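One-based numbering, in listed order, for ligands and for the atoms of each. Computed from a prediction, not measured in an experiment: that's the story for all the values here.
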Amino acid sequence: MPARDPDWRERYSRQIRYAPIGEAGQLRLMDSTVLIAGCGALGCALAQHMLRSGVGKLVLVDRDYVERSNLHRQTLFDEEDADKALPKAEAAAAKLRRMNRDARVEAHVSDITKDNAAVFAAGVDLVLDGTDNAATRLLLCDEAFRGGIPFVYGGATASRGMTAMLVPGGTACLRCLIGAEGEEGDNCDTAGILPAVIEWVAALQAAEAVKWLSGNRGAVRNSWLSADIWQFALRESKLPAGYGGCRICGGSGDSTEAAVDMEVGPASNNVMGDVNKIGDCGVAMPLRRSVAASSALCGRDTVQVTLGHPIDLAAEAEKLRGLGCRLTENRYLAKAELPVPLVEKLVLFPDGRVLVQGTSDIARAEQLCVAFVGGASEGLEESLK
Ligand SMILES: [Zn+2]
């Protein structure tokens with residue numbers, strides 16, 4: 001059981017006074033564990049809501065590090081985090097611990113994959129979605145449903161956001177709602193993002209999470225909510241039950257029971273249409289050479305290359321410096337600006353991942369990794385210029 005703040009009645013007094021929560025609900029919150037998948041804008045907001053509400057333990061997972069372009073919306077980070085290129089999971093955990101020194105916050109600097117999703121979801125009461133791509137969301141929702149754990153979906157792009165709490169045995173799973181692959185479309189790197197819409201989505205996700213965790217399960221909203229906060233258009237659709245034919249949420253559901261519209265705003269669309277418009281993407285590519293897997297990060301001009309082995313950061317940094325790279329290092333990662341005329345940056349993580357920034361070309365990213373991380377060869381380096 002998580003350590004309990006001895007002054008919890010004082011700290012949470014205003015929440016306890018809210019009748020549906022009370023002391024009993026607060027105690028339930030303090031005995032809860034949540035997984036926050038992704039520590040970007042949504043993840044930062046969700047983590048802060050959960051921590052300040054008194055959730056006993058937070059498990060944070062994020063594969064990325066803090067950059068200046070994150071600061072306008074990712075509220076747990078500051079300029080120092082960006083200057084030091086700290087991993088988001090660690091930087092977020094450090095901030096959260098300053099908000100509550102008794103909080104239990106577990107930080108994982110990692111990709112979420114089919115091999116580890118079950119490990120991160122093990123023992124949690126709820127999975128909160130702060131990810132930025134459909135592939136990871138689907139993977140996590142599958143895993144959550146297999147474990148009987150609710151998945152609180154959230155997504156935001158430009159001025160639009162959407163959210164739904166998906167409950168095993170109660171609602172359809174994400175795969176049934178958005179399709180097996182999701183659709184490529186706008187994302188915050190191509191269409192931009194208004195920070196206010198993130199707060200709107202995260203607040204709604206947090207509200208459902210607090211209802212569920214405090215024992216107010218009957219109060220959970222059974223709808224898919226989407227909005228455009230700029231034009232102000234709001235749309236709510238009742239969530240269908242699990243579909244009989246689905247291996248994840250199947251059972252009691254009726255596949256003919258499509259989402260039922262409850263209210264329609266001016267910019268309305270159906271549930272699937274809105275999901276597609278928000279746009280999630282994640283492109284998996286075939287394996288090549290000494291590289292185990294690579295994927296272009298949605299709209300970011302970045303490719304993630306996963307080597308088949310861990311990376312010795314100190315040794316690689318030394319080698320990269322010898323090759324004329326400029327290095328930024330901390331205990332979690334090494335960031336190398338490649339020597340001119342190359343324009344790319346390589347960010348190495350000890351778990352064997354390399355983020356290649358400055359290209360969305362997977363073949364080139366892999367070539368750069370082979371040249372600079374997997375043992376450089378003069379010829380190959382030359383051919384990259
Ligand atoms: Zn399903």
Visitor: Would you please say whether a donor-acceptor pair under 3.5 Å links the side chains of E236 and S223?
Guide: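 Their side chains do contain a donor-acceptor pair, which is all the 3.5 Å distance test asks for.
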Visitor: Listed by chain and number, what are the side chain to side chain contact (heavy atoms under 4.5 Å, CB included) partners of D125, not counting sequence neighbours?
Guide: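 So D125 forms a side chain to side chain contact (heavy atoms under 4.5 Å, CB included) with S32, T33, L213.
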Visitor: Working note: Q357 + D301, criterion side-chain hydrogen bond (donor to acceptor under 3.5 Å, both in side chains); need CA distance, chi angles, decisive distance, verdict.
Guide: CA-CA 6 Å; Q357 298 183 306; D301 212 22; over 6 Å; no
Visitor: Are Y332 and L327 co-members of a hydrophobic cluster defined by side-chain heavy atoms under 4.5 Å apart?
Guide: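 Unlinked, L327 and Y332 end up in two clusters.
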Visitor: Taking the hydrophobic residues Ile, Leu, Val, Met, Phe, Trp and Tyr, and joining any pair whose side-chain heavy atoms are under 4.5 Å apart, which ones share a cluster with V119?
Guide: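 Listed partners: none, V119 stands alone.
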Visitor: By residue and atom, what protein N/O/S atoms are less than 2.8 Å from the Zn ion (ligand 1)?
Guide: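 The answer is C173 SG, C176 SG, C246 SG, C249 SG.
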Visitor: Kindly state each residue pair satisfying ring pair (Phe, Tyr, Trp, His ring centres under 6.0 Å) with at least one member in residues 66-119, sequence neighbours excluded.
Guide: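 Listed once each, the pairs are H108-F120.
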